[in-house]
Amino acid sequence: MRLTIEQTLHRIGRMLSERIAPDVSHEFVAQSARLSGGALNICANWIDDAAELRVEENAAIRAVLGEIAGVADGDLAARLGEAAASADPGLKLSVLDAENDLLRQLLVEAQGWLEAQDSPAAHALNAKVWGLLEEIESKRAPRE
């Protein structure tokens, strides 16, 4: 089996937490080793989850933009529809992040438009946007 970056970080993290920290007599240094081990585990999980999270986020944002395009009008509706039909241009994190930034900027614009509308459909979609943003942030929360 090939050793990956995330596996390496997990192994170093476990070594710091489980093998080094217990053998250190100075409590501050031992606690620092345990915290460093935990931080490495968080970094390893971030690496492992990074592409999947961004692909899922982008797809979810596109779906909501498509729904908003159905009630919007004019240029905004056209841009929302175009974004909803788009795809990620690549799987590098930098590319996915750039796409995510563009989609989020459009989502902010669409949400501003929704908030200016006085219809049940607009209010429901605005609530859906807020729910999506909450879900996105909770999935991005660090895990050890």
Side-chain angles (χ1 to χ4, degrees), residues 1-22 24 28-144:
M1 178 168 70
R2 192 173 136 254
L3 188 61
T4 65
I5 292 171
E6 58 273 18
Q7 291 170 337
T8 302
L9 292 173
H10 276 299
R11 287 181 182 183
I12 295 170
R14 276 193 306 275
M15 181 181 61
L16 283 168
S17 299
E18 297 170 6
R19 295 175 72 194
I20 293 175
V24 174
F28 177 78
V29 176
Q31 183 62 20
S32 294
R34 284 190 291 277
L35 288 172
S36 297
L40 287 171
N41 287 326
I42 289 169
C43 291
N45 290 332
W46 185 91
I47 290 168
D48 196 31
D49 297 343
E52 179 181 53
L53 282 172
R54 283 154 178 80
V55 168
E56 288 177 359
E57 281 177 21
N58 291 351
I61 293 170
R62 284 187 185 96
V64 171
L65 292 176
E67 290 184 55
I68 300 169
V71 299
D73 52 18
D75 176 60
L76 179 62
R79 290 186 296 121
L80 294 173
E82 185 179 311
S86 70
D88 290 325
L91 293 177
K92 289 181 90 174
L93 293 183
S94 58
V95 171
L96 290 169
D97 280 340
E99 183 71 8
N100 188 271
D101 288 344
L102 293 173
L103 292 170
R104 283 181 183 235
Q105 288 173 16
L106 193 52
L107 185 63
V108 167
E109 183 180 348
Q111 190 174 27
W113 181 86
L114 287 171
E115 289 177 352
Q117 306 308 303
D118 190 24
S119 73
H123 293 297
L125 284 170
N126 192 37
K128 191 169 194 169
V129 169
W130 281 111
L132 172 62
L133 293 173
E134 184 178 341
E135 180 183 333
I136 285 172
E137 292 309 313
S138 69
K139 285 183 177 179
R140 280 199 180 206
R143 65 180 179 89
E144 194 178 331

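All values below come from the heavy atoms of this structure, side chains included, with hydrogens, waters and symmetry mates left out. Since the model is a prediction, treat every value here as computed from it, not as a measurement.
Within a 6.0 Å radius of CD in Glu82, no more than 12 heavy atoms belonging to other residues, nucleotides or ligands are found. Atom CG of Asp101 has more than 12 neighbouring heavy atoms from other residues, nucleotides or ligands inside a 6.0 Å radius. Crowding of Ile5 atom CD1: a count of heavy atoms from other residues, nucleotides or ligands under 6.0 Å not exceeding 12. Around atom CZ of Arg19, no more than 12 heavy atoms belonging to other residues, nucleotides or ligands sit under 6.0 Å away. Around atom CD of Gln7, more than 12 heavy atoms belonging to other residues, nucleotides or ligands sit under 6.0 Å away.
Heavy atoms only, all atoms of each residue included: Gly90 and Leu96 are closest at O-CD2, 3.3 Å. For the residue pair Ala69 and Gly81, the shortest heavy atom distance occurs at CB-N, 3.7 Å.
To the nearest 0.5 Å, atom CG of residue Leu35 and atom CG of residue Leu16 are 10.5 Å apart. Between the CD atom in Glu137 and the CG atom in Leu132 there is a gap of 10.0 Å [rounded to 0.5 Å]. Taking CD1 of Ile61 as the start and CD of Glu56 as the end, the distance is 12.0 Å to the nearest 0.5 Å. From Thr8, atom OG1 reaches atom CG of Leu3 across 3.5 Å, with rounding to the nearest 0.5 Å. Rounding to the nearest 0.5 angstrom, the gap separating the CZ atom in Arg14 from the CG atom in Asn41 is 7.0 Å. Taking CG of Leu40 as the start and OG of Ser17 as the end, the distance is 8.5 Å to the nearest 0.5 Å.
Of the options Arg104, Arg62, Lys92, a salt bridge (charged side-chain N to carboxylate O under 4.0 Å, His left out) to Glu99 is made by Arg62 and by none of the others. Checked options Leu107, Leu65, Asp75; the residue passing with Leu80 is Leu65 (criterion: side-chain contact (heavy atoms from CB on, under 4.5 Å)).
Using a 4.5 Å heavy-atom cutoff, the side chains of Gln111 and Leu133 are in contact. Side-chain contact between Gln105 and Val108 is absent, with no heavy atoms from C-beta onward closer than 4.5 Å. Side-chain contact check for Thr4 versus Ile47: every heavy-atom pair is 4.5 Å or farther apart. Residues Val95 and Asp88 are not in side-chain contact: their nearest non-hydrogen atoms beyond the backbone lie 4.5 Å or more apart. Put simply, the side chain of Leu114 does not reach to within 4.5 Å of the side chain of His123, judged on heavy atoms. Counting heavy atoms from C-beta on, the side chains of Trp113 and Asp73 come closer than 4.5 Å. Between Ile68 and Val64 the shortest side-chain heavy-atom distance falls below 4.5 Å.
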Please assess Asn45 against Glu6 for the test side chain to side chain donor-acceptor pair (under 3.5 Å), listing each intermediate value before the final yes or no. CA-CA 7 Å; Asn45 290 332; Glu6 58 273 18; over 6 Å; no
Given Asn100 and Glu57, is the side chain to side chain donor-acceptor pair (under 3.5 Å) satisfied, shown in steps? CA-CA 8 Å; Asn100 188 271; Glu57 281 177 21; 3.0 Å; yes
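Pairs of residues two or more places apart, or lying in two chains, that qualify as salt bridge (Lys or Arg N to Asp or Glu O under 4.0 Å) and include a residue from residues 38-50 are Asp49-Arg143.
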